[in-house]
**Q** 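Mind having a look at this structure? Questions to follow.
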Amino acid sequence: MAGAVASQPLLRVQDVAVRFGGIVALDGVSFDVMPGHIVGLIGPNGAGKTTLFNCVSRLYECERGDIGFDGSSLLAVPRHRIAALGIGRTFQNLALFRTMSVLDNVMVGRHCRTSGGFFANALRLPFAIRSDREAREYAHALLTLLGLESVAATRVSELPFGTQKRVELARALASQPKLLLLDEPASGLNHEEVGKLGALIRGLREKLRLTVLLVEHHMNLVMSISDWVVALNFGRRIAQGASAEVREHPELVKAYLGTA
Amino acid sequence: MSRTNVILLAVLLTAACALPFIVSNYRTFQFTLVLVYAIALLGLNILTGYNGQISLGHGAFYALGAYCAAILMDKMGAPYWVTIPAAGAVCLVAGFLFGLPALRLEGLYLALATFALGVATPQLLKYHHLEKWTGGVQGIVIAKPEAPFGLPVNADQWLYFFTLAVTLGMFLLAWNLLRGRIGRALMAIRDHHLAAESMGVHNALYKSLAFGVSALYTGVAGALGAIAVQFVAPDSFNIFLSIMLLVGIVVGGLASISGALYGALFIQFVPNIADEISKAAPWAIFGIFMIGFVYLMPTGVAGAVRLLLARRRSHEI
Ligand SMILES: Nc1ncnc2c1ncn2[C@@H]1O[C@H](COP(=O)(O)OP(=O)(O)OP(=O)(O)O)[C@@H](O)[C@H]1O
Ligand SMILES: [Mg+2]
């Protein structure tokens, strides 16, 4: 949980706007994510949740506004540096390395925490070997934590959907992120699995001292585990607050009824 | 490596060392070319098989390596073995530089750009302002190196062993590169480039470096090939060579190190076999072989061998 001293937000989204041709996907969205919190990001289909994630990952450029992480702006940071800063993510539609094994997928997740370039690897210099071994051990530990050890050597494309989602989670955790972005982790899971997922996310937060930004349509899950909830509709923030407040918020009720 | 693999490798190495003492000099020369192609195919496989960047113009880097060797030996009097690292270095830089603009191109567009490189190369080599160096249409004839230290082998046998040593070194380096952090990153880019970048892989740098390393391999092969055939000329490096290299990696097995060797055997010997079967339409026969291989072994010869070994292992248990 957020300690009393943690007053600085870990992630600060300020007035972010994104447009695709005529579509305004985000229209001046602002909110903060406090360290140690689980923040739920909700809203009907097309509200702009994934777009916001893609802005934080630097996959999309913001037209306006700023995104601050750990006190400095992300907008000048190239994509491939985001992971090293401490931001890990999963994707709404699985984005695994399909032909590679579960273990290798997770080890790629640790790329930014390991060293050794082309030269060092071709010659297998001692530090490159050491770094590789460390990455392997870390990946195995994560696989054990997530109950994936038995499929470590399996090609990910051969696994059922739910398991692949867990592999993505393991891959995201491999970089030891401070902030974990989860885009609809419960989609495609059955009722029982969703319950377990909630407990898992909370457990990971304690164990790995994570801050989590969670996009989810599964309201019970979001409301039960989030410390704070931000609701979007048509690219605007329509409500934010503790779960109980947001759940009753008239704008949110209207947004969901309007699109039902 | 599993024990079976180690045993197989030892048997293969022994056979490779015995080979030039069993077969004729001409056959030895042919097997030298197999090794040369194996290095070139390994290079192309790093780029296309492992990193997912297609090249229809790798003959250009082969040619560049070959001309490096020929010019260094003929015009500058360099010893033949010096030309190997020199050709590798020149092609590394050339490949890296070509890889930079190629970053903007994907899939078929990259195929077209590399195709352009491949078709333009023979013409560039004929360019008359370069004739002083390249020998123009005539090309360059180079002398065959003799065995050093009074070793009791003839020139063909010596060149075979020299090429074998280079091949082993190059395969070892590639194996190291591909089984570690860099190999995983290259394959991650191939499988999902956005996810790879989100995991911290510097896609642009890695793709350019993959191009450079790939060209280095193919250039080293070109230099060895030039020394083996003792001759370079623009028309030996036409687009057909580039296409053959691509055929080699697909038939041998994409994203497989051993596949480079199978592919090399295929592109060296199958055209000859086809020619013996039908003098009238050898390429039609070659085409049938090619389709047959790909149909029977959709993951290449290397994939089929892997399946076979796995099946044998599961029988043993
Ligand atoms: N790359 C893109 N090109 C064009 N339009 C896009 C792109 N990405 C998103 N959009 C549009 O932006 C809007 C917001 O999409 P986004 O994916 O962020 O919604 P979402 O809240 O994640 O929805 P869902 O719950 O369905 O995942 C939609 O209208 C979508 O069509
Ligand atoms: Mg979405």
Side-chain angles (χ1 to χ4, degrees), chain A residues 53-54 56-59 78-85 87-91 93-101 103-125 128-129 131-136 139 155-157 168 171-172 174-175 177 181, chain B residues 2 42-43 46 49-52 88-89 92 95-96 99 169-214 216-217 254-257 299 303 306 310:
Chain A
F53 269 25
N54 286 339
V56 177
S57 307
R58 301 281 296 123
L59 300 184
R79 270 178 209 173
H80 66 271
R81 291 231 174 274
I82 294 293
L85 287 182
I87 302 178
R89 73 170 290 181
T90 66
F91 294 81
N93 306 305
L94 291 171
L96 285 166
F97 309 122
R98 292 180 53 79
T99 65
M100 297 167 68
S101 71
L103 180 66
D104 281 346
N105 267 270
V106 178
M107 286 177 78
V108 174
R110 200 153 176 74
H111 185 85
C112 67
R113 298 279 173 247
T114 49
S115 57
F118 278 66
F119 190 74
N121 272 276
L123 297 179
R124 275 186 84 68
L125 298 182
I129 298 180
S131 182
D132 220 51
R133 190 184 314 135
E134 188 278 336
R136 194 170 304 272
R155 219 179 218 256
V156 285
S157 59
E168 260 216 354
R171 185 181 69 177
S175 63
L181 309 174
Chain B
S2 72
L42 184 55
I46 290 173
Y50 285 91
N51 195 217
L92 173 68
F96 182 79
M170 297 297 275
F171 269 65
L172 179 65
L173 291 177
W175 183 50
N176 285 345
L177 184 70
L178 294 169
R179 71 189 151 135
R181 175 175 187 261
I182 302 296
R184 283 190 301 271
L186 292 179
M187 289 186 272
I189 293 172
R190 174 196 66 195
D191 282 3
H192 202 300
H193 70 104
L194 284 180
E197 204 151 31
S198 296
M199 298 304 131
V201 178
H202 192 342
N203 285 9
L205 180 67
Y206 276 42
K207 285 172 80 172
S208 306
L209 281 172
F211 228 113
V213 169
S214 170
L216 179 154
Y217 270 77
L254 285 166
S256 147
I257 293 178
T299 49
R306 206 176 306 131

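Hydrogens, waters and symmetry mates play no part in the numbers below; they use all other heavy atoms, side chains included. Below, read A as the first sequence line, B as the second, and so on, with proteins coming before strands; counting in each chain starts at 1. Nothing here was measured: the structure is a model prediction, and the numbers come from that model.
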**Q** Could you label the plane-to-plane angle of the Tyr206(B) and His111(A) rings as parallel, tilted or perpendicular, counting under 30° as parallel and over 60° as perpendicular?
**A**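 Perpendicular.
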**Q** So which heavy atom on Ala210(B) is nearest to which on Asn51(B), and how close?
**A**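 Minimum heavy-atom contact is CB-OD1, 3.6 Å.
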**Q** Please flag which part of Leu59(A) lies under 4.5 Å from any non-hydrogen atom of chain B: side chain, backbone, both or neither.
**A**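 Leu59(A) touches chain B through side-chain heavy atoms alone.
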**Q** Give, as side chain, backbone, both or neither, the part of Ser175(A) having an atom under 4.5 angstrom from any heavy atom of chain B.
**A**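 Neither part, no heavy atoms under 4.5 Å.
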**Q** Go through Ala185(B), Ala195(B), Ala174(B), Ala255(B) and name the one with the most non-hydrogen pairs under 4.5 angstrom from chain A.
**A**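 Among the listed options, the one with the most contacts to chain A is Ala195(B).
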**Q** If you count heavy-atom pairs within less than 4.5 Å of chain B, which of Arg113(A), Arg136(A), Met107(A) leads?
**A**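 So the answer, after comparing Arg113(A), Arg136(A), Met107(A), is Met107(A).
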**Q** Answer yes or no: is there a side-chain heavy-atom contact under 4.5 Å between Ser57(A) and Arg89(A)?
**A**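 Sidechains of Arg89(A) and Ser57(A): in contact.
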**Q** Go through Arg190(B), Arg181(B), Met199(B), Arg184(B) and name the one with the most non-hydrogen pairs under 4.5 angstrom from chain A.
**A**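 Heavy-atom pair counts peak at Arg181(B).
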**Q** side-chain contact (heavy atoms from CB on, under 4.5 Å) between Leu173(B) and Tyr217(B): does it pass, once the steps are laid out?
**A** CA-CA 11 Å; Leu173(B) 291 177; Tyr217(B) 270 77; 3.6 Å; yes
**Q** Quick one: are Ser256(B) and Arg306(B) in side-chain contact, heavy atoms under 4.5 Å?
**A**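 Yes; the side chains approach each other to less than 4.5 Å.
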**Q** Non-hydrogen atoms of chain B under 4.5 Å away: do they reach the side chain of Arg171(A), the backbone, both or neither?
**A**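 Both backbone and side chain of Arg171(A) come within 4.5 Å of chain B.
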**Q** Heavy-atom pairs under 4.5 Å with chain A - which of Leu186(B), Asn203(B), Leu209(B), Asp191(B) has more of them than the others?
**A**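 Most heavy-atom pairs within the cutoff with chain A belong to Asp191(B).
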**Q** Quick check on Ala84(A) against chain B: is it the side chain, the backbone, both or neither that has a heavy atom closer than 4.5 Å?
**A**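 Neither part; nothing is under 4.5 Å.
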**Q** Exactly one of Thr99(A), Asn105(A), Asp104(A) should register a side-chain contact (heavy atoms from CB on, under 4.5 Å) with Ser101(A). Which one does?
**A**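 Checked Thr99(A), Asn105(A), Asp104(A) against Ser101(A); only one passes side-chain contact (heavy atoms from CB on, under 4.5 Å): Asp104(A).
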**Q** Might you work through the side-chain contact (heavy atoms from CB on, under 4.5 Å) test for Leu178(B) and Ile46(B), ending with a clear yes or no?
**A** CA-CA 8 Å; Leu178(B) 294 169; Ile46(B) 290 173; 4.2 Å; yes
**Q** Between Arg124(A), Arg110(A), Arg79(A), Met100(A), who has the most heavy-atom pairs with chain B when the cutoff is under 4.5 Å?
**A**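 Among the listed options, the one with the most contacts to chain B is Arg124(A).
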**Q** Under 4.5 Å heavy-atom distance to chain B, tell me which part of Ser131(A) shows up: side chain, backbone, both or neither.
**A**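 Contact with chain B involves no heavy atom of Ser131(A) at all.
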**Q** Given a strict heavy-atom distance threshold of 4.5 Å, which part of Leu96(A) is in contact with chain B: side chain, backbone, both, or neither?
**A**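 Interface part for Leu96(A): backbone (N, CA, C, O).
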**Q** Name each donor-acceptor pair under 3.5 Å that joins a side chain in residues 116-123 of chain A to protein atoms two or more places apart or in another chain, with its distance.
**A**
from	atom 1	to	atom 2	distance (Å)
Asn121(A)	ND2	Gly116(A)	O	3.0
Asn121(A)	ND2	Gly117(A)	O	3.0

